[in-house]
Enquirer: 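I have a structure here, written as structure tokens, and I will follow up with some questions on it.
Just so it is clear, the values below take in all heavy atoms, side chains as well, and ignore hydrogens, waters and symmetry mates.
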Amino acid sequence: MAHRIAVIALDQFAPLDLGVSGQVFGSADSPAGEKLYEVVTCSPGRAPVRCSAGYTVLPDHDLDVLDTADTVLAAGVHGGQVMRDGTIPGELREALQGRPRVMSICTGAFVLAAAGLLDGRPATTHWRDAARFAALFPRVKLDPDVLFIDDGDVLTSAGVAAGLDLCLHVIRRDHGSEVANRTARRCVMPPWREGGQAQYIERPLPPATGNGTGATRTWMLSRLDAPLDLESLADHASMSVRTFTRRFREETGMSPARWLARQRVEHARQLLETTDLGVEEVARRAGFGTPVSLRQHLHAVVGVSPLAYRHTFRRL
């Protein structure tokens, strides 16, 4: 049976946030071609809701559909009561309680916070609304600098494109890298951006020269099993180490070492899911050198050992 995701739309909803879930989750199929998710949309009283782009939609369901949902997702809003004073109608607050998994895209975090679901928990939202969020919900452990946060049964994302990243992350968590990567290809989007990557917050940057680090990143991906030190990366990019490190961080939101380690973990995950290679060989091909190093890096990202990870996803 497909995993049901119920999306809540309120007045002044963000149109892309509402469409993202249906597009991404709706594109996730099993290897046999079966749909893995069913996405339904609801509003309080099944009332028409108007978006910030100037049109109105009529959801198929009211809040009762949340009782049948495996995951509840709050779409972002660009105005209204929750953005103004941090409150939501009592019926919506009550309907959100006790759900097995809740998510938000962008300012949908305001809805979850207003329901008390984020108290004492880490969460994020669009950087532009972070100050307002922090003032309205001081009990939430807000991190405004990341793309998304996975806190188990509560997941929140930053604005717009970060919602795509969060949905793809959930697919990866539920069904593994192969399904997530296939979904990403169908949606013509990058298969992975780390949740801890920085949001693209407005900060002054040096003038662009047209010489970025993209070609070197592609070269790195083709040599994950080889030693790659900062000097060799800078040399490939024809830059000084200092310039390369600065440019790399500007373009990816993280250091070269962190980006490389995460790509190696992702490659190791794919090998564990799709091959019968031993852990030692997986570690070698992914560039970690030893099973101990692989185990440490994989555990830091997904919290389990290589064998436990393989066992989990081979059962899916």
Enquirer: Any carboxylate oxygen within less than 4.0 angstrom of a Lys/Arg side-chain nitrogen, looking at R121 and D153?
Expert: yes

Enquirer: Indicate the atoms forming the closest heavy-atom contact of R285 with D225, along with that distance.
Expert: O-CB, 3.3 Å

Enquirer: In plain terms, say whether E266 and R172 are close enough for a salt bridge, that is, a side-chain N and a carboxylate O under 4.0 Å apart.
Expert: yes

Enquirer: Looking at R46 and D62, is there a salt bridge between them, counting it only when a charged N and a carboxylate O are closer than 4.0 Å?
Expert: no

Enquirer: Before accepting this row, confirm whether a basic side-chain N of the pair R247/E251 lies closer than 4.0 Å to the acidic partner's carboxylate O.
Expert: no

Enquirer: Any link between F288 and V279 through a network of hydrophobic side chains (Ile, Leu, Val, Met, Phe, Trp, Tyr) touching at under 4.5 Å?
Expert: yes

Enquirer: Would I8 and L73 satisfy side chain to side chain contact (heavy atoms under 4.5 Å, CB included), going step by step from the backbone distance to the final call?
Expert: CA-CA 6 Å; I8 299 172; L73 188 154; over 6 Å; no

Enquirer: So does K35 pair up with D29, basic N to acidic O under 4.0 Å?
Expert: yes

Enquirer: Which heavy atom in C42 sits nearest to a heavy atom in V65, and how many Å separate them?
Expert: CB-CG1, 3.7 Å

Enquirer: Using a strict 4.0 Å threshold on nitrogen-to-oxygen distance, state whether R284 and E280 make a salt bridge.
Expert: no

Enquirer: Applying the side-chain contact (heavy atoms from CB on, under 4.5 Å) criterion to I171, which one of L166, L36, V179 satisfies it?
Expert: V179

Enquirer: Are any of the side-chain nitrogens in D67 or R99 under 4.0 Å away from the carboxylate oxygens of its partner?
Expert: yes

Enquirer: Do you know the tightest heavy-atom contact between L147 and T124?
Expert: O-CG2, 4.2 Å

Enquirer: Checking S255 against F248 for the side chain to side chain contact (heavy atoms under 4.5 Å, CB included) test, could you report, in this order, the C-alpha distance in whole Å, the side-chain angles of both residues, the deciding distance, and whether it holds?
Expert: CA-CA 7 Å; S255 70; F248 198 100; over 6 Å; no

Enquirer: Please evaluate residues V7 and V40 with respect to the criterion side chain to side chain contact (heavy atoms under 4.5 Å, CB included), reporting the C-alpha separation (whole Å), side-chain torsions for both, the decisive distance (0.1 Å), and the verdict.
Expert: CA-CA 6 Å; V7 182; V40 297; over 6 Å; no

Enquirer: Could you walk me through whether Y37 and H175 satisfy the ring-ring contact (aromatic ring centres under 6.0 Å, His included) test, starting with their C-alpha distance in whole Å, then the side-chain angles of each, then the deciding distance to 0.1 Å, before giving a yes or no?
Expert: CA-CA 11 Å; Y37 298 92; H175 298 287; 5.5 Å; yes

Enquirer: Check R295, E273, H299 against Y309 for a side-chain hydrogen bond (donor to acceptor under 3.5 Å, both in side chains) and give me the one that passes.
Expert: E273

